[in-house]
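We use all heavy atoms of the structure for the numbers below, so side chains are in, but hydrogens, waters and symmetry mates are not.
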There are 2 protein chains.
Amino acid sequence: MTKQGFVNRIIGAGLKNTKYRVILIEHLSKTEKLLSAKEIYKQLSKKHIAINLSTVYRTLDVLVDNNIFNRVTIEGEKQSRYEYNRDIHHHFLICRGCNKIIPIYDCPLEVYEERLQAESGFQITGHRVEFYGFCDDCKKNLD
Amino acid sequence: MTKQGFVNRIIGAGLKNTKYRVILIEHLSKTEKLLSAKEIYKQLSKKHIAINLSTVYRTLDVLVDNNIFNRVTIEGEKQSRYEYNRDIHHHFLICRGCNKIIPIYDCPLEVYEERLQAESGFQITGHRVEFYGFCDDCKKNLD
DNA sequence: CTCAATGCAAACCGTTTGCATGCTC
DNA sequence: GAGCATGCAAACGGTTTGCATTGAG
């Protein structure tokens, strides 16, 4: 997506087109990695973009509220992570060795969810799935 | 399980049998609720059990490390929650209205997990599933 | 008697907030 | 020009830690 595309996405959400909103969207749209606020802050610093950490947090909040980003919490981490919302339902496969996080685009729960909804009386609006294990590389180091 | 049963579980794990370990195990074993450290601390205070909050945290850490408790993180909460480990695989159904958390004892992922392991090259050691929605009561208040 | 458990106070770290200033519409 | 965005510093809340004291084995 072009820079103008990001601007359009911001305006389309009824938001003001500001410098750091564009920068954050551009930055996260270029990776499949889940980044924390501090990671984003540091990576931008390296590119000589002087943003304040509070602004990172506030911008992330706005973009999450407007479904441009997703906020993700990983079991065992105290920080939140963020990803660019590509509107593709997915889950994560997480390596306990190197902390690599890999998205999985096929979801095993659609059918199950309907049954659960019927049986529980809940109106189910979403779910979250994570798989944990050891990737090919880290498997080898498991003595 | 009797009080002596909890003591045996502590000793069996090679741990010292101390006052607060027994109290915490007894307390969590009586509920299916996921409690935070502060909730445990407050509930014990109400029962006139004067434990220090640091001790709650340290005791929880020990019991989690020894598989007597499970540490659970709920999406969107910054605190950890804890449950007595009954060695029954389960997941959670969480109401976005009243924050009620209900365990589900049937797991849809066994077969899928094997396939994923084969396809991804990961050695999968576990997973985590949560369903979000609105319970019967809260459904009614959704305007 | 020894070493681990506990209490207490202070530190820590991710995140949020109040306020003054700057920028978008 | 009005009101939201940003920078800065301070506050916040959950959790951890250092150190002195207590208690289990």
Which atom pairs link the protein and nucleotides 14-16 of chain D when you take only N or O atoms and keep those under 3.5 Å?
| unit_1 | atom_1 | unit_2 | atom_2 | d |
| --- | --- | --- | --- | --- |
| D:dG14 | OP2 | B:Lys38 | NZ | 2.6 |
| D:dT15 | OP1 | B:Ser80 | N | 2.8 |
| D:dT15 | OP2 | B:Tyr57 | OH | 2.5 |
| D:dT15 | O5' | B:Tyr57 | OH | 3.4 |

Over 60° means perpendicular and under 30° means parallel, so classify the ring planes of A:His91 and A:His127, tilted if in between.
tilted
I need a per-nucleotide contact map over nucleotides 19-25 of chain D, read 5' to 3'. Cutoff is protein heavy atoms under 4.0 Å; write B for the base, S for backbone only, - otherwise.
----BSS
Taking the side chain from [X] and the backbone from [Y], do they hold a donor-acceptor pair closer than 3.5 Å?
{"X": "A:Lys139", "Y": "B:Gly121", "result": "yes"}
{"X": "A:Thr31", "Y": "A:Leu28", "result": "no"}
{"X": "B:Thr125", "Y": "A:Tyr132", "result": "yes"}

Is it the case that the ring center of A:Tyr57 lies less than 6.0 angstrom away from the ring center of A:Tyr82?
no
What donor-acceptor contacts under 3.5 angstrom involve side-chain atoms of residues 15-24 of chain A, with partners at least two apart or in another chain?
| unit_1 | atom_1 | unit_2 | atom_2 | d |
| --- | --- | --- | --- | --- |
| A:Tyr20 | OH | A:Ala50 | O | 3.1 |
| A:Arg21 | NH1 | A:Lys16 | O | 3.0 |

Tell me whether the count of non-hydrogen atoms from other residues, nucleotides or ligands lying under 6.0 Å of CD in A:Glu114 goes above 12.
no
As a check of understanding: the bend across the helix from C:dC1-D:dG25 to C:dC25-D:dG1, end axes from five pairs, rounded to 10 degrees, works out to 40°
Boundaries of the chain B footprint along DNA chain C (any atom under 4.0 Å from a heavy atom):
C:dC3 to C:dA9
Can you give me the closest heavy-atom contact between A:Phe92 and A:Pro103, atom names plus distance?
CD2-CA, 3.9 Å
Would you name the heavy atoms of B:Glu130 and B:Thr73 that are closest together and state the gap between them?
OE2-O, 3.3 Å
Distance to the ring centre below 6.0 angstrom and angle to the axis at most 45 degrees; does that hold for B:Arg96 and B:Phe134?
no
Sequence neighbours left out, cut at 3.5 Å: what donor-acceptor pairs do the side chains of residues 61-70 of chain B make with other protein atoms?
| unit_1 | atom_1 | unit_2 | atom_2 | d |
| --- | --- | --- | --- | --- |
| B:Asp61 | OD1 | B:Arg71 | NH2 | 2.6 |
| B:Asn66 | ND2 | B:Val62 | O | 2.8 |
| B:Asn70 | ND2 | B:Glu83 | OE2 | 3.0 |

Path from B:Tyr112 to B:Ile104 over hydrophobic side-chain contacts below 4.5 Å
yes
